[in-house]
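Take a look at the structure set out below.
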Amino acid sequence: MAMKLWMKDKKAEAIAVSLIIALTISIIVARISLGLSKTFYLITGANGAAILAVIAIYLLQNRYNSRRRLLETQMASVSKELRIEYSFLRKVAGVPTKFRHREIEVATDGFRCLVGKGSSGSVFKGILTDGTPVAVKRIEGAERGEKEFRSEVAAIASAQHVNLVRLLGYCCVPTGPRFLVYDFASNGSLDKWIFPRRGKEEISSRGEIQQIGGCLEWSLRVGVAIDVAKALSYLHHNCRSRILHLDVKPQNILLDENYRGLVSDFGLSKLMGRDESRVMSSIRGTNGYLAPEWLLQQGISEKCDVYSYGVVLLEIVGGVRSVRVIDKANRNDKSKRESGYFPKIASERLREGRVMEVVDSRVVERGGVDEREVKRLVCVGLWCMQEDARMRPSMAEVVEMLERREEVEEPPESPLFVVDVLSINEENVNPGRGRHGKATLPATPEDCNDASSASWSTLISALSGR
Ligand SMILES: Nc1ncnc2c1ncn2[C@@H]1O[C@H](COP(=O)(O)OP(=O)(O)OP(=O)(O)O)[C@@H](O)[C@H]1O
């Protein structure tokens with residue numbers, strides 16, 4: 001730009017000089033051909049005025065240009081400073097970068113390597129130009145995609161923790177899908193390491209879903225449980241606004257190259273003011289991990305994450321999924337609904353003094369499982385799953401208990417789980433809402449009015465698996 005201005009200046013200068021020379025020559029020619037006549041004086045006067053005007057315009061233009069040049073140099077140095085500051089901030093505070101679609105395509109080699117699929121889109125492996133391995137999540141579906149995209153960026157931008165997956169950047173294509181770019185967790189998600197594999201993984205047309213997984217050994221399971229507890233404790237207690245994750249499950253816990261747990265997927269997360277005790281939210285999340293108060297639409301709080309964490313903790317210990325599919329015919333059969341519900345079995349074995357029976361048999365075979373540690377984990381899991389949200393510990397307390405800084409008592413015997421969750425003590429769940437204490441939902445949908453019927457069927461269908 002400065003160069004352009006300089007060129008312009010030179011051109012103007014040449015024009016001005018040529019004009020002055022032409023005018024001077026015309027005065028000389030007039031003097032020779034007209035002598036000291038009246039016409040000569042007229043021409044000389046006019047030319048003299050023109051020369052003065054050219055000089056004045058040239059000087060003014062020059063002054064204007066030099067001021068402009070000064071401003072432009074100042075602006076260039078300010079924008080350079082800003083660029084340096086921005087790139088510094090990005091490194092320090094982890095501000096996500098805005099990628100161009102072309103960069104995403106190059107990084108993923110045209111979306112060649114699919115590593116996973118969720119309900120909102122697909123995840124591909126990629127490598128940035130500086131060699132950083134990344135996971136690129138392509139969010140599909142206009143409205144939901146936009147919502148999920150915003151929640152994710154808002155939550156992650158305000159949270160930085162070693163046990164949270166790092167959002168490196170994003171990319172928005174007008175009227176197209178959105179992309180989120182994360183650090184790549186080389187060992188994939190926890191579900192592949194605690195649950196026995198269920199048949200073949202899906203193969204994509206161009207690449208393959210990586211066949212990562214196996215049976216995670218006991219000490220690493222305990223480590224991951226603590227990592228996740230720390231990440232949730234940070235979200236709940238150490239951020240400016242409380243961040244509720246609201247979709248804690250093994251698929252959303254990733255493992256890095258050292259099998260450290262990283263909480264991911266903030267697509268359903270919600271920010272909650274420090275002065276709020278609960279907020280209303282429509283039921284989303286994943287069946288089997290949803291707290292009863294959320295299923296009954298009585299408002300949610302960070303204790304919903306604590307509940308989901310309890311379910312995950314028991315799954316980590318047992319290598320068994322908590323959610324079961326109950327067919328329609330058996331929906332109202334109490335014994336069928338109760339049988340095989342893993343948290344219920346874990347609770348019974350704990351009380352019978354047979355807690356080691358709860359542990360994943362593949363892990364027990366390898367040895368190195370400490371019974372006291374198993375008991376600690378099962379007790380913490382059951383405390384987190386207490387029906388009454390107020391009975392659940394905070395995630396900060398969970399960390400204390402798991403790291404053995406706080407003693408863990410056996411949780412109170414509770415008939416809850418699956419069926420008994422239908423009978424909620426309203427006073428406990430929503431203090432001050434009624435004097436009667438128990439607001440019991442009807443035993444069957446036939447017995448109930450419209451409002452409770454809705455809650456009943458929501459609950460039953462949610463408890464029965466997707
Ligand atoms: N940063 C990452 N590094 C490595 N693998 C990842 C990463 N993020 C996601 N994945 C893989 O992609 C899978 C799909 O992730 P995604 O978050 O889209 O869906 P989900 O959590 O499984 O399901 P949903 O979105 O329905 O809750 C994960 O289960 C995991 O195996």
Side-chain angles (χ1 to χ4, degrees), residues 96 116-123 135-159 161 163-167 170 177-182 185 189-191 228-229 231-237 239 241-254 261-273 276 278-312 315 321-323 384-385 389 392 395 458-459 461-463 465-466:
K117 264 186 174 204
S119 53
S120 55
S122 312
V123 180
V136 176
K137 186 169 180 176
R138 186 171 63 196
I139 302 177
E140 285 125 17
E143 199 190 323
R144 188 178 161 188
E146 181 63 27
K147 236 178 168 182
E148 177 162 347
F149 178 81
R150 280 168 191 271
S151 310
E152 184 101 30
V153 176
I156 264 197
S158 54
H161 190 274
N163 297 118
L164 293 179
V165 74
R166 208 154 53 112
L167 178 71
Y170 60 93
R178 305 247 181 278
F179 298 90
L180 292 165
V181 182
Y182 303 96
S189 47
L190 179 64
D191 55 320
V228 176
L232 292 176
S233 168
Y234 167 78
L235 293 175
H236 294 173
H237 309 295
C239 294
S241 295
R242 233 176 308 171
I243 300 175
L244 315 189
H245 184 283
L246 302 180
D247 201 13
V248 178
K249 59 179 178 178
Q251 291 88 328
N252 287 340
I253 296 165
L254 301 173
L262 305 168
V263 174
S264 77
D265 202 346
F266 286 74
L268 299 187
S269 65
K270 230 178 158 63
L271 299 181
M272 190 172 156
E276 288 174 295
R278 56 180 60 222
V279 287
M280 294 312 290
S281 174
S282 54
I283 300 176
R284 299 166 297 162
T286 305
N287 297 338
Y289 301 91
L290 298 175
E293 68 271 20
W294 198 4
L295 289 166
L296 293 169
Q297 298 174 30
Q298 295 187 333
I300 55 166
S301 69
E302 76 279 8
K303 292 296 174 87
C304 289
D305 282 344
V306 178
Y307 182 91
S308 313
Y309 177 80
V311 180
V312 172
E315 291 184 332
R321 289 177 201 270
S322 294
V323 71
C384 291
M385 287 186 70
R392 296 174 208 151
M395 284 314 300
T458 311
L459 191 54
S461 68
L463 290 168
R466 268 196 243 247

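Here the structure is a predicted model, which means the values were calculated and not measured. All residue numbers refer to positions in the sequence shown, counting from 1.
- Checking R242, H236, H237 one by one against E302, the side-chain hydrogen bond (donor to acceptor under 3.5 Å, both in side chains) holds for a single residue, R242.
- Taking every heavy atom of both residues into account, P250 and S189 meet most closely at O-CB, 3.9 Å.
- Looking only at distances, no side-chain donor or acceptor of S264 sits under 3.5 Å from a matching main-chain atom of L254.
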### Task
Mind running side chain to side chain contact (heavy atoms under 4.5 Å, CB included) on L246 and K270 for me, showing each step along the way?
CA-CA 8 Å; L246 302 180; K270 230 178 158 63; 3.9 Å; yes
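- A salt bridge links K137 with D265: the closest approach of a Lys/Arg side-chain nitrogen to an acidic carboxylate oxygen falls below 4.0 angstrom.
- The minimum heavy-atom distance between A231 and N163, with the atom names listed, is CB-O, 3.4 Å.
- Of the N and O atoms on the side chains of T286 and D247, at least one donor lies less than 3.5 Å from an acceptor on the other residue.
- Taken from NE2 in H161 to CG in L262, the straight-line distance is 10.5 Å, to the nearest 0.5 Å.
- In this structure a side-chain-to-backbone donor-acceptor pair under 3.5 Å is missing from E293 to I300.
- Heavy-atom minimum distance, Y289 versus Y307: O-CD2, 3.8 Å.
- Atoms CG and OG, on L290 and S308 in that order, are 6.5 Å from each other to the nearest 0.5 Å.
- Distance alone, capped at 3.5 Å, is enough to place a donor-acceptor pair between the S301 side chain and the K303 backbone.
- Across all their heavy atoms, V263 and F266 have their closest contact at O-CE1, 3.9 Å.
- When all heavy atoms are compared, the tightest approach of M385 to R392 is C-NE, 4.5 Å.
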### Query
Step by step, would you call R178 with Y170 a side chain to side chain contact (heavy atoms under 4.5 Å, CB included)?
CA-CA 7 Å; R178 305 247 181 278; Y170 60 93; over 6 Å; no
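- Looking only at distances, no side-chain donor or acceptor of S122 sits under 3.5 Å from a matching main-chain atom of R138.
- Under the 3.5 Å distance criterion, the side-chain polar atoms of D305 are matched with a main-chain donor or acceptor of H245.
- For C239 against I243, the heavy-atom pair with the smallest separation is SG-CD1, 4.0 Å.
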